[in-house]
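Every heavy atom of this structure was used, including side-chain atoms; hydrogens, water molecules and symmetry mates were not. Keep in mind it's a predicted model, so treat the numbers as computed, not measured.
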Amino acid sequence: METAFPSPTRTRRRLVVVVTALLLTGFVATSFGSYYASLASLQEKVTGAELPLTSDNIYSAAQKSLLQPALISSLMANDSFVVDWVHGGEKDPAQIVRYLAKTRDRFGTMTAFFVSDTTGLYYHAGGVLKTISPDDPRDRWFYRVRAMAAPYETNVDPDAAHNDVMTAFINYRMVDDKGTFLGAIGVGMSIKSLSEEIRRYQGLFNRDIYFFAPDGKLTLAGADASTVATVDDLPGWDRRHGEVLTKDHSAFTYEHGGATHYLNSRFIPELGWYLVIHGVDDQERAPIRRALLLNLLVAAAIAGVVIALTLATVNRYQARVEELASIDPLTGAFNRLSFDLLLEQACKEAHRTGEPFTVALFDLDHFKKINDTHGHLAGDATLVAAVKAIKGQLREADVLCRWGG
């Protein structure tokens, strides 16, 4: 029964495939493991540190912009001049107008105002603006302030005295020594400074910054928000705004357009708004993707070099093995196995072409005596010399084989 041995070519091919698979599997697994670890680290950095830090900075900026106006309004609400003027029947409106104008100019506010609960007159630094009415939607803030328990509120509304410019008003309740409500007094600050601060942070952190009212409507944004009217319009956001605007702090991560989006929400009680930071990590992922691509290219290059070296080593080893299997190591002549193969091939060729060939078999006389008398090393030298002499007489097509042992 004949045993089928795999051919050297097939074995070599199988070895190359196995080595290639092992190398590529190792490199690819390592590269993608590093890639996903970097993505996880990036997400943790963004959600756990960067967005909260941005939110804290914007929150601090908003507080800073509103702290001074609140202090100014508190001083105005406790100014005895205003209290006495109201109790005196508000006889000279020019006095309160001058007072409001000086307050505005001294502290650099956009406006200063006083609305009397007795007369309903709205005084500001430029004169008497109007008489408020509970039927006017724009005057509802006053009746809200009159009924509230807190000493003041921050409200953002168009300022009718300045062409409806959006203004952050500090509406302070003014009461006398007996606790009688006299009216609402305070200052108004342009939100332009706050907007500039928002834009600065938006450029610094490469994040979209929005302010939303509790009902989800956009009140202020750091950049062009022509496509965002409510929190539900945020890119890729497909859930109700109640999920974002219900807690003092909330954070969300979601996928949209092949990128990961982050939302961080924070309530600002001084404004009654929610600060929402929106970010897309596509730009942050770009260096990680480039690193992955570079790792894969390096892996392919290394794998190519290793495969080439493996092939060269295997080829050299195979050539050496084939040489050892077919050549007599002592004399350099073909061995008996090679003789059998060459003889079989020659017989087939002669049978096919009809051309005869010759086989000459000879030995060295008294060779055993040389070994016994002079030793095996002398015998080996004799064999080498004999083969060398015979090869010197052969033609190019002749083959010399060592038959005996």
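- Summarising the local packing, CG of D84 is surrounded by more than 12 heavy atoms from other residues, nucleotides or ligands at distances under 6.0 Å.
- In this structure a side-chain-to-backbone donor-acceptor pair under 3.5 Å is missing from N171 to E153.
- Residues D117 and V86 form no side-chain contact, since every pair of their non-hydrogen atoms from C-beta on lies 4.5 Å or further apart.
- Contact check for D365 versus D363: side-chain heavy atoms found under the 4.5 Å cut-off.
- Put simply, the side chain of T180 never gets that close to the backbone of D176: no donor and acceptor are under 3.5 Å apart.
- Using cut-offs of 30° and 60° for the angle between ring planes, the F81 and Y99 rings count as tilted.
- For F169 and F113, the distance between ring centers is under 6.0 angstrom.
- Checking side-chain atoms of R173 against main-chain N and O of F181 turns up no donor-acceptor pair under 3.5 Å.
- Although no hydrogens or angles enter the test, the distance criterion places a donor-acceptor pair under 3.5 Å between the side chain of D233 and the main chain of T230.
- Between Y123 and W85, the ring planes lie perpendicular to each other; the angle is over 60°, past the 30° to 60° tilted range.
- For the pair K130/D139, a side-chain contact is recorded, criterion being any heavy-atom separation below 4.5 Å from C-beta on.
- Counting heavy atoms of neighbouring residues, nucleotides and ligands inside a 6.0 Å radius, atom CG of L394 exceeds 12 of them.
- Here the CG-CG distance, from L245 to D215, works out to 8.5 Å after rounding to the nearest 0.5 Å.
- Considering only heavy atoms from C-beta on, M174 comes within 4.5 Å of V83 through its side chain.
- Taking the six-membered ring for Trp and thresholds of 30 and 60 degrees, H278 and Y210 have ring planes inclined between 30 and 60 degrees apart.
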